[in-house]
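Here is how names work: the chains are called A, B, and so on, in the same order as the sequence lines, proteins then strands, and each is numbered from 1.
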Number of protein chains: 2
Amino acid sequence: MTNPIAEKRDYEEELRQAGVRITRPRRIILGILSETEDHPDALAIFRRAVALDSSISLSTVYRTMKLLETVGAIRRHAFEGGPSRFEQAGGAHHDHLIDIETGDVVEFRSDRIEKLQDEVARALGYEIVHHRLELYGRKLRSK
Amino acid sequence: MTNPIAEKRDYEEELRQAGVRITRPRRIILGILSETEDHPDALAIFRRAVALDSSISLSTVYRTMKLLETVGAIRRHAFEGGPSRFEQAGGAHHDHLIDIETGDVVEFRSDRIEKLQDEVARALGYEIVHHRLELYGRKLRSK
DNA sequence: ACTTACTTGCAAACGATTTGCAATTGCATT
DNA sequence: AATGCAATTGCAAATCGTTTGCAAGTAAGT
């Protein structure tokens with residue numbers, strides 16, 4: 001995350017391996033994703049992309065996001081109310097806390113919660129394939 | 001849930017109190033909701049409603065659902081992939097486990113998970129306003 | 001450089017949901 | 001029971017986020 005160039009290179013190689021052509025729009029979108037710390041939606045990515053190459057279309061952004069998703073390079077989140085937002089895959093599993101005032105997303109992980117989820121599911125006669133845990137909250141006015 | 005008529009009556013009274021007119025379509029939709037054990041989407045409600053009064057429109061179903069939601073009589077859930085699904089409000093808080101093969105919804109409640117969520121949020125400097133916890137799984141082939 | 005399949009941009013289609021509008025209806029009032 | 005008006009309806013058209021058909025453009029193996 002501190003070295004965008006190295007990150008981007010890996011990304012491209014990873015995709016080439018998956019049989020994906022590296023085109024100009026894709027390179028640009030990948031660059032944006034690898035430099036991004038937040039969870040942008042398609043339109044935000046599109047806006048940033050257009051700034052680098054005005055010929056890029058929103059459809060291409062959507063198509064690329066879908067491609068990256070099926071290849072497993074990114075993850076899509078449909079938080080309440082808004083459009084899908086994306087994040088790079090590859091990190092460890094985590095859940096999200098969404099600031100309902102700013103839309104900011106904070107990632108967190110609780111093994112204890114994960115474990116309890118499994119227990120609950122098993123008790124109901126199910127095995128979990130995946131889950132969605134989103135906390136919607138507001139910042140505490142700190143002391 | 002065993003006495004639809006009594007349930008429906010309460011429902012109507014509750015709404016009248018909230019200043020909502022009881023119209024024919026609304027009465028029908030309320031009847032459907034109070035007899036329903038599952039988590040139907042707008043289209044499913046519409047289909048059941050049309051069977052009782054063919055003049056009811058899908059827009060009215062949507063408008064009524066929105067109305068009931070703001071009045072607090074029902075709750076809306078946007079499970080992954082599909083349209084919003086609804087359930088009567090009023091019961092205790094619970095989360096959902098969705099059978100990814102059948103779409104069936106199982107309600108559950110875990111105070112331990114709730115508690116951990118609060119702890120996590122607080123540790124991050126937030127207070128939870130609401131949350132969404134959905135487990136997507138498949139039935140265990142029981143012993 | 002040549003070819004061919006993969007990608008693109010554009011505009012039109014999409015599914016779920018909402019909305020403008022003119023016609024209808026609940027219900028408080030006579 | 002008849003009246004009046006605001007609330008509600010059905011319909012069609014609009015909306016939002018996203019996907020798709022198509023003809024033109026391009027990556028990359030030869």
*Would you say the side chain of A:Arg21 and the base of D:dG29 hold a donor-acceptor pair, judged only by whether the two atoms sit under 3.5 Å apart?*
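Counting by modelled atom types and ignoring angles, no donor-acceptor contact under 3.5 Å is found here.
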
*Side-chain-base donor-acceptor pair under 3.5 Å for B:Arg63 and C:dG20*: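 A donor-acceptor contact between them is present.
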
Please state how far atom [atom1] in [X] lies from atom [atom2] in [N], giving the value in whole angstrom units.
X	N	atom1	atom2	result
B:Asp41	C:dG15	CG	P	14 Å
B:Phe79	C:dA16	CZ	C1'	17 Å
A:Phe46	D:dT19	CZ	P	15 Å
B:Arg47	C:dA16	CZ	P	10 Å
B:Arg16	D:dA7	CZ	P	17 Å

So which nucleotide from [options] ends up closest to the side chain of [X]?
X	options	answer
B:Ser55	D:dT19, D:dG17, D:dG10	D:dG10
A:Tyr62	C:dT18, D:dT9, D:dT19	D:dT19
A:Thr60	C:dC27, C:dT17, C:dG9	C:dG9
A:Pro83	D:dT8, D:dG10, D:dT18	D:dT18

Report yes if at least one side-chain N or O of [X] is closer than 4.0 Å to OP1 or OP2 of [N]; otherwise report no.
X	N	answer
A:Ser84	D:dT18	yes
A:Ser59	D:dT18	no
B:Arg26	D:dT9	yes

_Salt-bridge criterion met for A:Arg24 and A:Asp53 (N-O under 4.0 Å)_ =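 Result for this pair is yes, salt bridge flagged.
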
*asked:* Checking side-chain polar atoms at under 3.5 Å, does A:Glu107 have a donor or acceptor matched by the opposite partner on A:His39?
replied: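 Yes, side-chain donor-acceptor contact under 3.5 Å.
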
*Would you call the rings of A:His96 and A:His94 parallel, tilted or perpendicular if under 30° counts as parallel and over 60° as perpendicular?*
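Ring orientation of A:His96 relative to A:His94: perpendicular.
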
